[in-house]
Amino acid sequence: MKRFPSIKKNSEFQKVYKGGTSYANRLLVMYVRKSERPDTRIGISVSKKVGNSVVRHRVTRRIREIFRLHREETNSGLDIVVTARPAAKESDFKKLESAYLHLCGLHNIRKESK
RNA sequence: UGAGCAGGAUAAGUGAUCGCUGCCGCUGCUCCGAAAGGACGCGGGAGAGGAAAGUCCGGGCUUCACAGGGCAGGAUACCAGAUAACGUCUGGCGGAGGCGACUCCAGAGACAGUGCAACAGAAAUAUACCGCCGGUUUCGGCCGGUAAGGGUGGAAGGGCAGUGUAAGAGACUACCGCCCGGGUGGUAACAUCCGGGGCACAUGUAAACCUUAUCCGAAGCAAGACCGAACAGAAAGCAUAAGGCGGCCCGUCUGCUUUCGGGUAGGUCGCUUGAGCCUGGCGGCGACGUCAGGACUAGAUAGAUGAUCACUCACGACAUAACCCGGCUUAUCGUCCUGCUCAUAGC
RNA sequence: GGCGACAUAGCCAAGUGGUAAGGCGUGGGUCUGCAAAACCCUGACUCGCCGGUUCAAAUCCGGCUGUCGCCU
């Protein structure tokens with residue numbers, strides 16, 4: 001597997017938005033929905049309101065890196081959509097990471113291993 | 001030393017680990033496949049900009065349209081050149097600004113025609129309000145001449161001085177301006193000189209319509225080409241066996257295979273070696289051209305540059321390719337280099 | 001990535017080079033014992049921003065900024 005699987009189609013995004021549960025904090029919004037697939041997929045959405053192309057790419061890469069590093073800690077078989085809010089453009093990697101883990105805790109999708 | 005003008009370069013760096021996207025290689029173990037090959041693994045090497053931006057011009061490329069010409073529509077506009085082409089660039093000319101280095105110009109035509117010019121003003125391209133002069137008078141004025149003066153306006157009938165006249169007026173004269181013709185220099189724009197017209201054309205606006213000259217078919221890689229599940233359709237053949245409707249027959253609906261064809265989801269190509277880049281010589285004032293040598297430098301398809309650690313400093317601006325080039329415009333923390341101008345002081 | 005449209009008062013908006021219409025709303029007044037309704041009065045000074053053409057620009061011409069739509 002070269003890359004982790006991701007949500008690509010607009011219809012799949014809409015499915016998660018309508019059928020999933022959502023939590024949010026100051027930096028991020030997270031939608032989670034159980035899927036029929038065995039693995040966990042992620043979709044990242046960054047609006048133009050967040051900033052220009054450079055800012056949006058940087059936010060996307062950081063969220064993708066966070067997901068990659070913490071993938072083993074979460075339950076599998078989920079579709080996750082993360083939306084960045086405009087405040088995310090000023091925050092660094094550490095702040096985004098703590099915000100992500102906070103939302104994972106609210107969703108109760110973290111494994112009980114640790 | 002201070003103030004400035006013009007041009008150019010650069011766009012934080014180094015090392016380690018994990019991760020991402022192409023490319024190349026493998027005595028390859030594992031999986032798929034008839035094979036070619038692919039997946040996976042390991043190793044190597046590559047991986048955003050000067051504006052990648054805005055999409056404002058120009059071209060390549062692709063599809064569609066097209067005998068040729070004209071009209072319509074659009075663009076450009078001093079001259080000569082450069083270029084694949086351009087609204088770009090270079091060198092000149094004219095005008096404007098600056099002490100200067102130098103900078104800026106949307107810089108054809110308003111004697112081809114039409115339109116518009118609010119308010120003010122008597123009058124806006126045609127006219128007499130006041131004034132001046134002559135005549136007349138019932139002394140209030142009326143008739144005629146007149147653009148020198150007043151006032152209005154962004155703009156008032158070529159300017160200024162003189163002659164002249166009742167008062168005036170290119171009516172006449174000199175200079176300037178304008179128009180016409182010619183000489184000289186220059187490829188040309190243009191500059192300069194001579195002669196003539198006595199002025200008949202004569203406010204501004206062409207980023208108003210327009211005239212003249214030149215150029216332009218339209219759309220854009222989500223262009224387009226190929227393969228192609230599903231599904232709508234057509235034709236041929238087979239079975240008339242079985243099932244539904246029906247009490248039964250007739251009838252009617254449902255079938256299978258092959259071929260054709262449309263082309264959706266999806267996939268492959270287009271997709272990066274190029275009117276390109278670096279160095280040097282030659283031609284040219286220059287833009288640029290030409291010759292020789294050298295290097296290969298992203299190609300993704302929801303879209304690749306991030307995270308962690310260490311060190312240095314000026315503590316890091318604007319900003320992320322998406323078919324590719326040539327320009328323009330706009331954004332931008334700084335650092336460095338070259339040439340030149342002015343002022344002050346010293347030699 | 002490509003193509004196109006729009007921006008005028010708090011809101012909806014008209015506007016042809018020459019003083020920027022109108023409606024809703026706000027505020028004030030008349031009316032009423034008090035209100036509602038009705039009637040009268042009321043505001044643009046940066047016409048999104050910066051330049052240019054013109055005597056004069058919301059309007060014409062360039063360049064920016066923002067918003068929206070279409071192509072999948």
Side-chain angles (χ1 to χ4, degrees):
Chain A
M1 185 187 304
K2 300 197 294 180
R3 299 177 59 189
F4 49 81
S6 59
I7 300 173
K8 296 182 173 62
K9 301 228 169 193
N10 188 29
S11 59
E12 294 176 320
F13 272 91
Q14 295 302 325
K15 224 182 270 180
V16 176
Y17 286 142
K18 288 185 178 172
T21 58
S22 72
Y23 284 101
N25 58 19
R26 204 174 63 82
L27 300 177
L28 303 172
V29 184
M30 183 186 279
Y31 298 81
V32 175
R33 180 178 185 273
K34 274 199 171 274
S35 67
E36 296 80 19
R37 300 161 59 88
D39 49 358
T40 298
R41 297 190 299 172
I42 188 169
I44 303 168
S45 168
V46 184
S47 157
K48 268 193 175 178
K49 288 179 184 169
V50 176
N52 57 23
S53 169
V54 175
V55 173
R56 296 201 305 273
H57 270 92
R58 189 163 58 228
V59 171
T60 307
R61 288 184 194 120
R62 283 176 173 163
I63 293 173
R64 192 185 296 138
E65 177 74 7
I66 291 163
F67 174 76
R68 187 182 68 84
L69 293 174
H70 297 281
R71 193 149 65 98
E72 297 304 317
E73 303 172 12
T74 57
N75 298 327
S76 58
L78 300 171
D79 279 349
I80 302 173
V81 171
V82 177
T83 301
R85 309 184 81 173
K89 64 181 171 186
E90 280 108 10
S91 50
D92 56 5
F93 181 82
K94 290 284 176 58
K95 283 184 185 169
L96 279 175
E97 188 177 35
S98 63
Y100 178 85
L101 293 174
H102 169 241
L103 290 173
C104 286
L106 288 177
H107 277 291
N108 272 323
I109 56 174
R110 299 187 67 177
K111 286 183 179 170
E112 306 298 327
S113 59
K114 52 182 226 177

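In what follows, chains carry the letters A, B, and so on, assigned in the order in which the sequence lines appear, proteins first and then strands, with residues in each chain numbered from 1. Computed from heavy atoms alone, side chains included, the values below leave out hydrogens, waters and symmetry copies.
The glycosidic torsion of B:U165 lies more than 90° away from 0, which places this base in the anti conformation. Regarding the sugar-base torsion, B:G170 falls in the syn class, its angle being within 90° of 0. For B:A169, the base adopts the anti conformation, since its glycosidic angle falls more than 90 degrees from zero. With its glycosidic angle within 90° of 0, B:G140 is assigned syn. B:G326 takes the anti form, because its glycosidic angle lies more than 90° either side of 0.
Taking the C1' atom of each, B:U146 and B:G183 are spaced 45 Å apart, rounded to whole Å. For the P atoms, the distance from B:U203 to B:G113 is 13 Å, rounded to whole Å. Comparing B:G151 with B:C104, their C1' atoms sit 40 Å apart, to the nearest whole Å. For the P atom pair drawn from B:C342 and C:C49, the interatomic distance equals 45 Å after rounding to whole Å. Look at the C1' atom in both B:U184 and B:U214: the space between them is 33 Å, to the nearest Å. Look at the C1' atom in both B:U205 and C:C60: the space between them is 12 Å, to the nearest Å. When the C1' atom is compared between C:A44 and C:C11, the two are found 15 Å apart, to the nearest whole Å. Nucleotides B:A128 and B:C105 place their P atoms 49 Å apart, quoted to the nearest Å.
With both pairing distances under 3.5 Å, B:G233 is matched to B:C260 as a Watson-Crick or G-U wobble pair. Pairing for B:U341 goes to B:A3, judged as Watson-Crick or G-U wobble with the two contacts each under 3.5 Å. Nucleotide B:U332 has no partner under the Watson-Crick or G-U criteria, as no pair reaches both atom distances under 3.5 Å. Across all strands shown, C:A58 has no partner, as no Watson-Crick or G-U wobble contact with both distances under 3.5 Å is found. A 3.5 Å limit on both hydrogen-bonding distances identifies B:G141 as the Watson-Crick or G-U partner of B:U136. Pair assignment for B:G19: none, as no Watson-Crick or G-U wobble contacts are both less than 3.5 Å. The partner of C:C39 is C:G29, by the rule that a Watson-Crick or G-U pair needs both atom distances under 3.5 Å. In this structure, B:U90 and B:A80 make a Watson-Crick or G-U wobble pair, each of the two defining distances being under 3.5 angstrom.
B:G19 atom P lies 18 Å from atom CD1 of A:I42, rounded to whole Å. Rounded to an integer number of Å, the gap from CZ of A:R56 to P of B:A304 is 12 Å. Atom NE2 in A:H70 sits roughly 14 Å away from atom C1' in B:G19 (whole-Å rounding). Look at NE2 on A:H57: it is 13 Å from P on B:A53, rounded to the nearest Å. Rounded to an integer number of Å, the gap from CD1 of A:I63 to P of B:A302 is 19 Å. The CZ-C1' distance, from A:R61 to B:U320, rounds to 7 Å in whole Å. Here B:G306 presents its C1' atom at 13 Å from CD of A:E97, a figure rounded to the nearest Å.
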Criterion salt bridge (Lys or Arg N to Asp or Glu O under 4.0 Å) on A:R68 and A:E65, from CA distance to verdict: CA-CA 5 Å; A:R68 187 182 68 84; A:E65 177 74 7; 2.8 Å; yes

Residue pair A:D79, A:V32: steps toward the side chain to side chain contact (heavy atoms under 4.5 Å, CB included) verdict: CA-CA 6 Å; A:D79 279 349; A:V32 175; over 6 Å; no

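Under the 4.5 Å side-chain criterion, counting only non-hydrogen atoms from C-beta, A:L28 is in contact with A:I63.
Checking B:U305, B:A319, B:C18 against every side-chain atom of A:R68, the shortest atom distance belongs to B:C18.
Across all non-hydrogen atoms, the minimal contact from A:T60 to A:I44 is O-CD1, 3.9 Å.
When the side chains of ILVMFWY residues are joined at heavy-atom separations under 4.5 Å, either directly or via intervening members, A:V54 and A:V59 end up in two distinct hydrophobic clusters.
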Distance-only criterion, 3.5 Å: show the donor-acceptor pairs between side-chain atoms of residues 93-100 of chain A and protein atoms not counting sequence neighbours.
| unit_1 | atom_1 | unit_2 | atom_2 | d |
| --- | --- | --- | --- | --- |
| A:E97 | OE2 | A:H70 | NE2 | 2.8 |
| A:S98 | OG | A:K94 | O | 3.4 |
| A:S98 | OG | A:K95 | O | 2.9 |

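Listed by chain and residue number, A:A24, A:Y31, A:T83, A:R85 satisfy the side chain to side chain contact (heavy atoms under 4.5 Å, CB included) test with A:V29 (two or more places apart in sequence, or in another chain).
The CZ atom of A:R61 sits 11.5 Å away from the CZ atom of A:R56 when rounded to the nearest 0.5 Å.
Tested against A:T21 for a side chain to side chain contact (heavy atoms under 4.5 Å, CB included), the candidates A:K34, A:M30, A:H107 yield a single pass: A:H107.
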Identify all pairs in which a protein N or O lies below 3.5 Å from an N or O of nucleotides 307-310 of chain B, and state each distance.
| unit_1 | atom_1 | unit_2 | atom_2 | d |
| --- | --- | --- | --- | --- |
| B:A307 | OP1 | A:R62 | NE | 2.9 |
| B:A307 | OP1 | A:R62 | NH2 | 2.9 |

